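In what follows, a structure is listed as structure tokens, so that the remarks can point back to it.
Per chain, numbering begins at 1; letters A, B, ... match sequence-line order. Remember, predicted model here, so these are calculated numbers, not experimental data.
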Number of protein chains: 2
Amino acid sequence: MSQCAFSANTYAGIRPIKYQNNVLSLLDQRKLPGEEIWIDYTDYQEVAEAIRSMVVRGAPAIGITAAYGAYLGATAIEAKDAEDFAQQFDAICATLNATRPTAVNLAWALERMQRLVRANLNQPPINLKIGLEYEALAIFEEDLRINIAMGQNGEKLIPDQSRILTHCNAGALATGGYGTALGVVRAAVNAGKQVMVLADETRPFLQGARLTAWELQRDKIPVTLICDNMAGYLMSLGGIDCVIVGADRVAANGDVANKIGTYSVAVLAKEHNIPFYVAAPLSTIDMNLAEGKDIPIEQRDTREISHIGETQLAPEGISILNPAFDVTPARLVSAIITERGVVQDDYVVGLKKLTGKGS
Amino acid sequence: MSQCAFSANTYAGIRPIKYQNNVLSLLDQRKLPGEEIWIDYTDYQEVAEAIRSMVVRGAPAIGITAAYGAYLGATAIEAKDAEDFAQQFDAICATLNATRPTAVNLAWALERMQRLVRANLNQPPINLKIGLEYEALAIFEEDLRINIAMGQNGEKLIPDQSRILTHCNAGALATGGYGTALGVVRAAVNAGKQVMVLADETRPFLQGARLTAWELQRDKIPVTLICDNMAGYLMSLGGIDCVIVGADRVAANGDVANKIGTYSVAVLAKEHNIPFYVAAPLSTIDMNLAEGKDIPIEQRDTREISHIGETQLAPEGISILNPAFDVTPARLVSAIITERGVVQDDYVVGLKKLTGKGS
């Protein structure tokens, strides 16, 4: 029920989520860059499936989508009173929360929706529904403002003429718009800096090849695509000046869970004395987890690796591992960029101060 | 014209090359694992195109194929004398040598064929043709024996119960049979050790997913496929005990050119105190190059990255880099395993001693 300076629905840049009149529309990110297909959702269980199957992905975008999914679920609740409503709403949120384990923004957004209900149990269910719609909108619009603030904080770290490596997609498509890591890139460009992005293709889901390349090409920001295994070689040739990635969950000590392969990039960056930056909103920082080793790592379907579309790449019946994320220890992170400022060096103290949480 | 203890044509394991009666047959490695298609060659220019388009790949297999290609070219030479024959043969070898720049075995095998001609200029052309056929066969059969010797030397480095990471395919399919890096694995298995292989899928050509997985599955050696960006994470979890890779060219100081991504694996192995072994025959060691930085690195068609079959993965018109190899400095290499012994520590001295070359 927060006041918004501008509406996310009128933001001119790329965005993967739209909402109007009880219809949530998601840009199907599985089909990019070949096709731009929007899917409309009115049912929370279908929204849950959209998150699970990665129609939408990226920690902040998942949070926004889950908030709207919870609201759509709420619209169908028939409750005798607020307490009954709250119980039914909790079940809806539990379904949405079970879709993906690693990105903490999912739980964060749903908790925020549930908190609104629990704080208003003196209201009739119809008012709770109205409140939830506003709360989802607030989460959406705040995300955009947060990303722009994060960009302004982060771009100061990016020298002019930088060649910036990024892994996965932490851009407009991963958020309500503008992006986290790519928001920093956009802010650097807006500040008049000439930069270029090297995009890891990011196997197996190819978020770099399909999404990062697509959105930077749209915004006319120079981008060059490489395979994940090429970044180290380019670093050894002096071809990369800094690394910026997003995050799916940051522990209280600064350990960072992000797309699989991020840890390897961080080790390589350290080997070559290249700064390694993480751009993440405060909603991604989980002060309840002391260390990265406690972050649950999602294992996804091995078909993501064995097949591309209908093309089978690996022999039938082969054993495959598909961890979707890894954990980069804080010692490899040069700075964590948030909407409230940049944290460096002592992450335990810095993150506590910034979030106002933790003992 | 060397004497052979057994014939490569009767070796029972997997092999990608067959030769009989002026017909060279190559297993089309672009089609594996989906289809096992053999292509017959009688024309050296078609053999050159087969090397260029990676019907056959892997440094030792390229050397063998080029030797047979040169012989097939020789069969069509109409020369008035041996000197005329030698000149025409040099032009054939130059065409074959221009197909791929990084693997030194290509030049090595062709030089050996040319040396035979130059050493026998007192012979009529018909005798030179017969000699060249034997020389190609010798290169083929020696490769198999060399790989078996390399396996015996290398397997002593592999503890029982090892979980071995490999990158690309340095197996039977990359050689005359048995393999270099995978030859060491096979020798460890033959010695009664229980090992398992983790195979990097190896983008963009997917030699790990398509070839290493296929040939180890055939030989019932446990293999698990991962994406290239997962190896670092598995190392951080303690899931990898050693790394073995092949090589396309080793400089006199022990720097190793191998499939793109090898350097990153070596840096990650060092970070986790995991031994990083290179298995390479002496024909891969280029004592004419002092350091790895002098090794030419092939840049391949960007379509290998933007497409899988007919499926387009990246946006139209995007900039892409596709270096096919990288260079791992000797300081990251725990040992170089050859058919003549294992070199460790001082590679400059060790390789000079082993090859009998260098100043």
Exercise. How about A/E310: does its CD atom have over 12 heavy atoms from other parts shown lying under 6.0 Å from it?
Worked result: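 At most 12 heavy atoms, drawn from other residues, nucleotides or ligands, come within 6.0 Å of this atom.
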Contact part of [X] toward chain A, heavy-atom cut-off under 4.5 Å: side chain, backbone, both or neither?
X	value
B/H307	neither
B/I318	both
B/L32	neither
B/T224	both
B/Y263	side chain
B/D228	side chain

How long is the span from the [atom1] atom in [X] to the [atom2] atom in [Y], to the nearest 0.5 Å?
X	Y	atom1	atom2	answer
A/L225	B/I320	CG	CD1	5.0 Å
A/I226	B/N322	CD1	CG	11.0 Å
A/I260	B/C227	CD1	SG	8.5 Å
A/L216	B/S319	CG	OG	12.0 Å
A/K293	B/S236	NZ	OG	13.5 Å
B/R203	A/D200	CZ	CG	12.0 Å

Exercise. If only atom types and distance count, is the side chain of A/Q217 paired as donor or acceptor with the main-chain N or O of B/E316 below 3.5 Å?
Worked result: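 Checking the backbone N and O of B/E316 against the side chain of A/Q217, a donor-acceptor pair under 3.5 Å is found.
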Exercise. Could you go step by step and tell me if B/M235 and A/V267 meet the side-chain contact (heavy atoms from CB on, under 4.5 Å) rule?
Worked result: CA-CA 12 Å; B/M235 288 179 184; A/V267 169; over 6 Å; no
